[in-house]
Amino acid sequence: MTEKISRRDFLKISGIGVTAATVITGCGPSSRYVTRQAYANMPEYNQTGVSTYYATTCKECPAGCGLIVRTQEGRAIKVEGNPEHPVNKGKVCSRGLTTVQGVYNPDRITGPQKRTRGSRTFTSLDWQAAINTVEEGLKNPQKTAFLLGLQSDHLYDLVQEISEKGGFGKPVRYGTLGTLDGRSTLLRATQELYGFDQIPFFDMANADVVFSFGAHFLETWLSPLAYSRGFRQLRKQPFGKRGYIVSFEARQSLSSANADEWIPIKPGSEGQVALAIGKIAATKAGGATPTLFADVNLNDVSQISGISMEKLLQLSELFGSDNKAIALPGGSALTTKNGLDAAKAILALNVLVENTSQPGGVFPTFGENHTSDFTAVKALIAKMNAGEIDTLFIHGSNPVFELPASAGFQAALKKVKTVISFCTFEDETVIESDYVFPDHAALESFGYQRVLLGSDREAYSSIQPVVAPIHDTKATGDVFLAAILASGGNLASVIPYTDEVDYLHKTITPLIEKEGSYSAGELPTFWSKWLQFGGWWKTAPELSFSEGVINLDQKLSLSPPQSAKEGETFHLVSFATQMGDGNGANRPWLQETPDPMTTVTWNSWIEIHPKTAEQLGIHDDDIVEVKSTNGDFSVEAIVYLYPAIRPDTVAIPFGQGHTALGRFAEGRGCNPAIVWSSEVNQAGDLALSDTTVTIKPTGKRRPLARQESKEGVYGGH
Amino acid sequence: MTELLAKEAQDEKWGMVIDLDICSGCQACVTACSMENNIPFVGEDEMAYGRGMQWMRIRRYWEGEYPDVMPDHQPMLCQQCGSAPCEPVCPVFATLHSEVEKINLQVYNRCIGTRYCAINCPYQARTFNWFDYEIPAPMNSYLNPDVTVRRRGVMEKCTFCVQRIVKGRQQASAEGREMEDGDVTPACAQACPTDAITFGNLSDPESRVSKMVRSDRAYKELENLGTEPRVTYLKGGKSYGG
Amino acid sequence: MKSSIPLWQRSGFRIVGALVLLILLGGAVGGIYFTQIPPEQPIPFPHNFHIGVGAQCSYCHTGTSTGPSAGLPTTDKCWGCHQQIEPRNDNLKLVASYGSEGKQIPWVPVAIQPDFVVFSHQPHINAELTCETCHGDLTQMTVAEPQKGQNMGWCLDCHQKMSTPEEFVLLSDCATCHY
């Protein structure tokens, strides 16, 4: 037996020896000495080993919660809530907490790029070339369009000003979170019924009875943390009083799961149910029944909604009693063809119980919410198709992923000569773009959020960088302003800002005069307090509502919802999860945090009622083809047998199904937006809840990574 | 200085109260805990094998039959048992009861990975590092410098954010005062959108947790096993009459 | 074909076994040796000279009384004095090059704890310990050298000597240093 150990092998083995020593002593040479870059010039406020905290604003959704970010040695360590902030009062949700995983994501775009459309190849540019390209794009206002996302407000305000003064078309502002909420519908209904121009604030905290029509107030509705606090206060009222929540929706969401009663009604029948409740309550109260409610036929409502007459009477009794009641119009009720009238019917319930401008009722919020409805997006697509757009600027939105496939955005994009994206990640839209000029990530940028839907007072939330940018990125506001300044033309003379911070200074200057939680004599002091406190707001809540008479003597035309063919077609419910508008999918801890209802991680699924699945011969973890009934679009989804959904309804969460967006997001689950109907309702919102689908088994299976014990739910597998 | 620290320490008995009536099950605590404590993410396959590393998990049970079906959400974490089943089975004393915080400690550098403790834990609150999980650069930049990054083969579990307890104690002693209720907030309680989690010192009869523990809604999970959990739940939802 | 000699009696096996043992032993000795020698520094900083001219430890290592980490001096701090000193040798020229360009000096910290130990200077300084208790007599050192035998037993010994039995409950608690 011969064993030769070459010198090379011997060295290898001694290497192992040293490693073994490392393991044995726990502090071997490999880990013992680490070089540290001592500061050349340490910031005054900094001390090695001691954390510094900065106030800023969360950019993960449009709610604008205040954050305090813990930083140490120039790194953002942990996101915490800002206890003084009127929206979230020190609390944070999963999305906000994982902001740091967006900043330090390994898949970020590290600098400006010129790209080849439809592929992942690119050449790097410098910022001067990028600014020149933007300058070129701004030269022809008629043929340039802006597509922005719901956050942040300062960039929208700036672009809005540029468009107005430079003769560009109105920027389109679109985000799926707004669409799933039916925000345009809610706004229109509020304007038409209540006569004010803001999305209302619903004072859940002081109500006794809450009727939620599909409002996901604990998840993604309007301002999740503000309404979560409202939920707490509702449950924990003085003297042990506990508010009662009834939730109407076809698929039980987390918010319904926390309600005291969940009423699984047929999708699209929310408006009629609201009318029926109003009619019964009004009749009970005596006096004349307002015209709005008078015409509804209770038996019909009971029939189409699937609520028994007895239950309907009982609920109406509860709503119309001496309790302070409030009705919340949520997304699934509004994103149907009847959406606008349904919203009015639900809002009218609040008028009926006279809670408008009362504690526990409905108030206007502060600041007008400029978001575009889907009609505006459609108009943009039509213009793109007609070749009327040469340059398209896209920021904060991922239209290729978020828009229904039937809207044809991707095809229209091919007709645009120059597509410029400002995304920080290589998302689906960047893949289809010519240039990407990456914006700073959330914790690296300046700005403000103006519309705070969860705030009970006038408030502006400031965004400031808590860490220095780690890549060669540039604030989009700065890019636009630099391009305008470089062009030197007419536009430069009407846009008087040197850079983004200068714009912010000039925009917040009027606030100095207002009475707020702090005062300052002049801008530099105000600015430092603005950054220190994370914004500016009034000291005390000031909800008020000086109304005219709200006229309930109008007629609504609610057509009965379309029925699904039993066992063949199904209503499709789409809902936002912790991935938000899909941008969260590249945060590993959002992927790994289980979905609250299904405990599924790292994937998406289609929720099917166990009975329906049995009829169709489908089992847990089967892959099915989900095909829209009015189009040729289909997706494949993994089945999750969900006991809390109507048998004629299926549900797919929105946010997964990315084909780009980095290693953590790609190739997981399915994107329900592909099968959404691209019809709109009277308010111009996407009527996505009207989507019906067929389900076909594919014969494939793929187990979902769920945290729950499989045996615990449906028996052995 | 040291006397104050020591006096402080003798009075400590940390406990947590979770109000299930307002816990919505939203998982913010789970994410907050993971971000605070450098918990590695394991990916889809490992999650499917049940090797997720979350120190806290929300147990969801369906109750009832459609249409009266509703889930119950219960956050489950290390109960920091006063008489902990995990402790006597550890051959190397890597899990032991601290005489100061009166919580269950996991000493990573002692742990040799026998996993006896996890098997003996009736709450299944312990997780094991089956691998060295990669946190690709520059994502490691957000790691909390106050918490050890665990390596493969080590057991871990909720620590009641002991790094924050130590910091709070040092802070109080540096200011020359005794610790007050609310000085220490673990990451989960800090994030909880509905404020369902309360944390405090059980040895102080006036602290918020001590008052809540005396509530008639209070119960402890698997109390009959004699584990003396330091986490108290307040019954909620349908199990709570009003 | 089955060999009649048991595996452990074969000379080849024994030689290989002995070699493996030797290698492991050598590796372990080497590993321990590497932890006991001072690491190479970008500039061989003469602590003894700086103390000799009257610099206090806390002049450069500022964080001891207020935080966990003593901290390393910034280039600005070095350059504050050194720009008035003629760079008469190679080391001073190095300092001058870092200082005049405002570059970070990549120091290698010597007195460091393993990853699983959490150490804070503040309570130790507040308990009126002097620097040389743990870091040795720097007046006798040029570059800082790791101190021998500073293991957990050494920590606990000192904790016990310095405290009353009641205080030692806290000072010997695992969570004082490990979490």
Side-chain angles (χ1 to χ4, degrees), chain A residues 26 49 72 75-81 88 90-94 97-98 100-101 103-106 218-219 224-225 228-229 231-232 235-236 242 252 254 257-258 262-264 470 578 588-594 596-597 599 601-603 609 611 643-644 668 703-708 712-713, chain B residues 19 21-28 30-32 34-36 39 41-50 52-54 57-62 64-71 73 109 135-146 187 190-196 236-238 240 242:
Chain A
Q72 196 162 318
R75 300 176 290 124
I77 304 278
K78 172 103 196 311
V79 166
E80 290 164 6
N88 58 324
K91 299 303 176 182
V92 231
C93 70
S94 292
L97 283 158
T98 54
V100 288
Q101 292 198 322
V103 178
Y104 296 120
N105 200 295
L218 295 175
E219 296 148 277
L225 285 171
S228 289
R229 187 173 66 249
F231 166 76
R232 179 206 156 84
R235 283 275 162 91
K236 296 250 160 277
R242 182 176 182 276
Q252 192 181 85
L254 183 66
N258 282 286
W262 168 59
I263 315 287
I470 58 168
Q578 53 210 11
W589 261 114
L590 281 186
Q591 291 278 7
E592 187 137 327
T593 299
M597 297 301 283
T599 77
T601 59
W602 291 95
N603 216 320
H609 193 277
K611 269 198 202 115
R668 305 192 177 281
L704 288 166
R706 39 184 118 185
Q707 203 182 37
E708 69 187 357
V713 191
Chain B
D19 190 339
D21 194 32
I22 47 176
C23 167
S24 67
C26 72
Q27 307 264 2
V30 176
T31 319
S34 309
M35 301 306 290
E36 167 78 15
I39 302 177
F41 42 87
V42 300
E44 184 173 10
D45 289 349
E46 293 297 305
M47 274 304 289
Y49 283 123
M53 299 292 295
Q54 290 96 340
R57 64 183 196 279
I58 311 277
R59 301 206 292 194
R60 189 235 46 215
Y61 298 107
W62 289 112
E65 288 290 320
Y66 179 86
D68 294 319
V69 60
M70 288 281 223
H73 288 107
N109 44 324
I135 302 183
M139 207 177 254
N140 48 9
S141 298
Y142 74 74
L143 291 176
N144 186 352
D146 295 344
Q190 188 183 29
C192 179
T194 56
D195 244 335
K238 277 122 271 161
Y240 169 43

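Labels below follow one simple rule: chain letters A, B, ... track the order of the sequence lines, proteins then strands, and each chain is numbered from 1.
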For the pair A/Gln578 and B/Gln27, evaluate side-chain hydrogen bond (donor to acceptor under 3.5 Å, both in side chains) and give the outcome as yes or no after the intermediate values.
-> CA-CA 9 Å; A/Gln578 53 210 11; B/Gln27 307 264 2; over 6 Å; no

Output, in order, the C-alpha distance, side-chain angles, deciding distance and verdict of salt bridge (charged side-chain N to carboxylate O under 4.0 Å, His left out) for B/Asp21 and A/Arg242.
-> CA-CA 10 Å; B/Asp21 194 32; A/Arg242 182 176 182 276; 2.6 Å; yes

side-chain hydrogen bond (donor to acceptor under 3.5 Å, both in side chains) between B/Thr31 and A/Thr593, worked out | CA-CA 6 Å; B/Thr31 319; A/Thr593 299; 3.2 Å; yes

With side chain to side chain contact (heavy atoms under 4.5 Å, CB included) as the test, would you mind laying out the steps for B/Gln54 and A/Trp589 before giving the verdict?
-> CA-CA 10 Å; B/Gln54 290 96 340; A/Trp589 261 114; 3.8 Å; yes

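At a threshold of 4.5 Å between non-hydrogen side-chain atoms, the residues B/Pro145 and A/Gln72 count as touching. B/Thr194 places none of its side-chain heavy atoms less than 4.5 Å from the side chain of A/Arg229. The shortest side-chain heavy-atom distance between B/Tyr66 and A/Pro264 falls under the 4.5 Å cut-off. A/Met597 is listed as a side-chain neighbour of B/His73, based on a closest heavy-atom distance under 4.5 Å. Contact annotation: the side chain of A/Glu592 approaches that of B/Val42 to within less than 4.5 Å [non-hydrogen atoms, C-beta and beyond]. Here the side chains of A/Trp262 and B/Asp68 are not in contact, with every heavy-atom distance at 4.5 Å or above. You'll find the side chain of B/Met139 reaches within 4.5 Å of the side chain of A/Asn105, heavy atoms only. With a 4.5 Å cut-off on side-chain heavy atoms, A/Pro106 and B/Pro138 count as touching.
Both the backbone and the side chain of A/Pro594 come within contact range of chain B, judged by heavy atoms closer than 4.5 Å. Proximity to chain A (any heavy atom under 4.5 Å) is restricted, for B/Leu143, to the backbone atoms N, CA, C and O. Proximity to chain B (any heavy atom under 4.5 Å) is shown, for A/Ile263, by neither the backbone nor the side chain. With a 4.5 Å cut-off on non-hydrogen atoms, B/Ala137 touches chain A through its backbone but not through its side chain. Residue contact with chain B, scored on non-hydrogen atoms closer than 4.5 Å, involves the backbone and the side chain of A/Gln101 alike. Proximity to chain B is absent for every atom of A/Gln591, based on heavy atoms less than 4.5 angstrom apart. Neither the backbone nor the side chain of B/Asn109 has a heavy atom closer than 4.5 Å to any heavy atom of chain A.
Atoms OG and CG, from B/Ser24 and A/Leu218 in turn, are 5.0 Å apart once rounded to the nearest 0.5 Å. Distance CG/A/Leu590 to CZ/B/Phe41: 11.5 Å, rounded to 0.5 Å. Annotation: the span from B/Glu44 atom CD to A/Asn603 atom CG amounts to 4.5 Å, rounded to 0.5 Å. Here the SG atom belonging to B/Cys192 is positioned 6.0 Å from the NZ atom belonging to A/Lys91, to the nearest 0.5 angstrom. Expressed to the nearest 0.5 Å, how far CD of A/Gln707 lies from CE of B/Met47 amounts to 5.0 Å. Here A/Lys78 contributes atom NZ and B/Glu36 contributes atom CD; the two are 5.0 Å apart, rounded to the nearest 0.5 Å.
One finds no salt bridge joining A/Lys236 and B/Asp195 here, because no Lys/Arg side-chain nitrogen approaches an Asp/Glu carboxylate oxygen to under 4.0 Å.
Across every non-hydrogen atom of B/Ile22 and A/Arg235, the tightest pair is CG2-CB, 3.6 Å. Scanning all heavy atoms of the two residues, the minimum distance from B/Pro193 to A/Leu225 falls at CB-CD2, 3.3 Å. Across all their heavy atoms, B/Met35 and A/Val100 have their closest contact at CE-CG2, 3.3 Å.
Between the side chain of A/Arg75 and the backbone N or O of B/Ser141 there is at least one donor-acceptor pair closer than 3.5 Å.
When each of A/Pro588, A/Pro224, A/Ala644 is checked for heavy-atom pairs under 4.5 Å with chain B, A/Pro588 comes out on top. Top candidate by heavy-atom pairs under 4.5 Å with chain A, chosen from B/Ile58, B/Asp45, B/Asn144, is B/Asn144. Contact tally against chain A (heavy-atom pairs below 4.5 Å) for B/Pro136, B/Pro67, B/Gly43, B/Gly52: the top residue is B/Gly43. Chosen from B/Gly50, B/Gly64, B/Gly25, B/Cys23, the residue pairing most often with chain A at heavy-atom distances under 4.5 Å is B/Gly25.
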